[in-house]
Engineer: 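Below is a structure I'd like to ask you about.
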Amino acid sequence: MGLIEIAANKSIWRGIDYCKNNKVISWDIRGKGEIDGVVSGSNNEKYNVHVDEIHPRKSKCNCPFAKDRRVVCKHMIAIYFTAYPDKLTDFLEYVEEQEKEWEREEDLRWEEHIQDLYKTAKVLSKKELVEELVGAWIELEERNHYW
């Protein structure tokens with residue numbers, strides 16, 4: 001697994017924010033998938049960061065979140081995407097495509113739900129249909145009232 005795959009979503013998105021807001025003070029690609037650098041933290045502290053792409057759990061940062069732990073922090077993500085801006089572009093394109101796919105799947109589920117409602121409505125008696133409709137209206141009104 002790579003750095004992005006083992007990072008928490010919050011660390012990824014905060015790291016992207018740090019990258020875009022130029023919080024990475026310096027970085028040096030060391031070869032063999034290693035990057036060293038310094039990132040300015042949220043309280044203007046400076047954190048020393050080492051990213052190991054081949055063995056991401058060996059990456060290190062002296063921030064409170066990652067110090068002495070084998071986790072990926074936002075500073076590591078910021079260094080990674082600053083050093084490799086094409087990987088940031090690829091990641092954002094991947095996320096956008098995943099969101100589009102999720103929306104397509106959600107649209108399909110909605111269409112299937114509507115078809116199921118029609119099938120159910122067709123077999124109900126008029127009385128049952130009126131009861132279902134009134135119940136749905138009441139539920140909708142209650143939701144709107146509480147929102």
Side-chain angles (χ1 to χ4, degrees), residues 1-124 129 132-133 135-147:
M1 281 195 184
L3 191 73
I4 301 304
E5 289 80 12
I6 65 171
N9 280 339
K10 186 174 181 180
S11 293
I12 293 170
W13 292 107
R14 294 282 293 147
I16 290 171
D17 184 54
Y18 273 45
C19 177
K20 288 182 175 183
N21 288 304
N22 301 312
K23 295 278 194 172
V24 177
I25 297 167
S26 64
W27 76 93
D28 183 28
I29 299 173
R30 298 282 181 181
K32 296 183 182 179
E34 295 187 18
I35 311 163
D36 290 323
V38 177
V39 178
S40 178
S42 52
N43 293 321
N44 291 323
E45 293 99 356
K46 292 180 177 41
Y47 298 115
N48 297 312
V49 181
H50 172 77
V51 171
D52 186 328
E53 291 179 79
I54 297 167
H55 305 286
R57 296 244 185 241
K58 291 183 179 180
S59 298
K60 296 181 189 280
C61 180
N62 65 336
C63 71
F65 178 74
K67 187 175 181 176
D68 299 324
R69 295 177 63 204
R70 296 179 77 166
V71 297
V72 176
C73 69
K74 60 189 173 187
H75 308 106
M76 294 173 196
I77 299 296
I79 288 269
Y80 177 74
F81 282 140
T82 298
Y84 301 112
D86 289 347
K87 291 185 181 189
L88 173 58
T89 301
D90 292 346
F91 175 78
L92 293 174
E93 287 173 357
Y94 170 78
V95 168
E96 184 177 331
E97 185 55 40
Q98 290 298 308
E99 288 175 348
K100 286 178 185 175
E101 180 64 26
W102 181 85
E103 288 173 4
R104 285 190 291 270
E105 290 173 1
E106 186 66 20
D107 288 345
L108 284 173
R109 281 191 293 274
W110 179 250
E111 289 299 320
E112 288 173 3
H113 178 67
I114 296 296
Q115 289 173 5
D116 287 344
L117 287 175
Y118 273 113
K119 287 177 187 175
T120 302
K122 285 181 180 181
V123 297
L124 295 175
L129 191 56
E132 288 293 324
L133 180 59
W137 275 338
I138 291 169
E139 184 179 324
L140 185 60
E141 287 295 321
E142 287 174 347
R143 279 193 203 161
N144 288 337
H145 178 73
Y146 292 112
W147 290 103

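Keep in mind that the numbers below use all heavy atoms, side chains included, and drop hydrogens, waters and symmetry copies. Sequence positions, counted from 1, serve as the residue numbers for this chain.
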Engineer: What's the shortest heavy-atom distance between Ser26 and Ile79, and which atoms?
Structural biologist: O-CD1, 3.7 Å
Engineer: Side-chain contact test, heavy atoms from C-beta onward, threshold under 4.5 Å: evaluate it for Arg14 versus Asp17 and give yes or no.
Structural biologist: yes
Engineer: Before accepting this row, confirm whether a basic side-chain N of the pair Glu112/Arg109 lies closer than 4.0 Å to the acidic partner's carboxylate O.
Structural biologist: no
Engineer: Tell me, with the steps shown, if Ile77 and Phe91 meet side chain to side chain contact (heavy atoms under 4.5 Å, CB included).
Structural biologist: CA-CA 12 Å; Ile77 299 296; Phe91 175 78; over 6 Å; no
Engineer: Above 12 or not: heavy atoms from other molecules or residues under 6.0 Å from NZ of Lys60?
Structural biologist: no
Engineer: Which value, rounded to the nearest 0.5 Å, describes the distance between Lys23 atom NZ and Lys46 atom NZ?
Structural biologist: 10.0 Å
Engineer: At their closest point, which heavy atom of Cys19 faces which heavy atom of Leu88, and how far apart are they?
Structural biologist: SG-CD2, 4.1 Å
Engineer: Could you give the distance from CG (Asp28) to NE2 (His50), rounded to the nearest 0.5 Å?
Structural biologist: 11.5 Å
Engineer: Examine distances only and state if a side-chain atom of Tyr18 and a backbone atom of Ser42 form a donor-acceptor pair shorter than 3.5 Å.
Structural biologist: yes
Engineer: Is the shortest side-chain heavy-atom distance between Tyr84 and Ile35 below 4.5 Å?
Structural biologist: yes
Engineer: Under 4.5 Å between any side-chain heavy atoms of Trp102 and Gln98, yes or no?
Structural biologist: no
Engineer: Any heavy-atom pair between the side chains of Val38 and Asn48 that's under 4.5 Å?
Structural biologist: yes
Engineer: Work out which heavy atom in Thr82 is nearest to a heavy atom in Pro85; give both atom names and the distance.
Structural biologist: O-CD, 3.6 Å
Engineer: Closest heavy-atom contact between Ser11 and Val72?
Structural biologist: OG-O, 3.4 Å
Engineer: Would you give the length of the straight line joining atom CG of Asp52 to atom CG of Asp36, rounded to the nearest 0.5 angstrom?
Structural biologist: 10.0 Å
Engineer: With rounding to the nearest 0.5 Å, note down the distance linking CZ in Phe81 to CD1 in Ile4.
Structural biologist: 3.5 Å
Engineer: Give the minimum heavy-atom separation between Pro64 and Tyr47, together with the two atoms involved.
Structural biologist: CD-OH, 3.6 Å
Engineer: Salt bridge check: are Arg104 and Glu97 linked by an N-O gap of less than 4.0 Å?
Structural biologist: yes
Engineer: Please give me the minimum heavy-atom distance between Cys73 and Cys61, naming the atom from each residue.
Structural biologist: SG-CB, 3.6 Å
Engineer: Mind checking the CG-CZ spacing from Leu3 to Arg57? Nearest 0.5 Å is all I need.
Structural biologist: 10.0 Å
Engineer: As an exercise, state the distance from NZ of Lys119 to CG of Leu124, rounded to the nearest 0.5 Å.
Structural biologist: 14.5 Å
Engineer: Any non-hydrogen side-chain atom of Ile16 less than 4.5 Å from a side-chain atom of Leu92?
Structural biologist: yes
Engineer: Using side-chain heavy atoms (C-beta onward) and a distance below 4.5 Å, is Phe65 in contact with His75?
Structural biologist: no
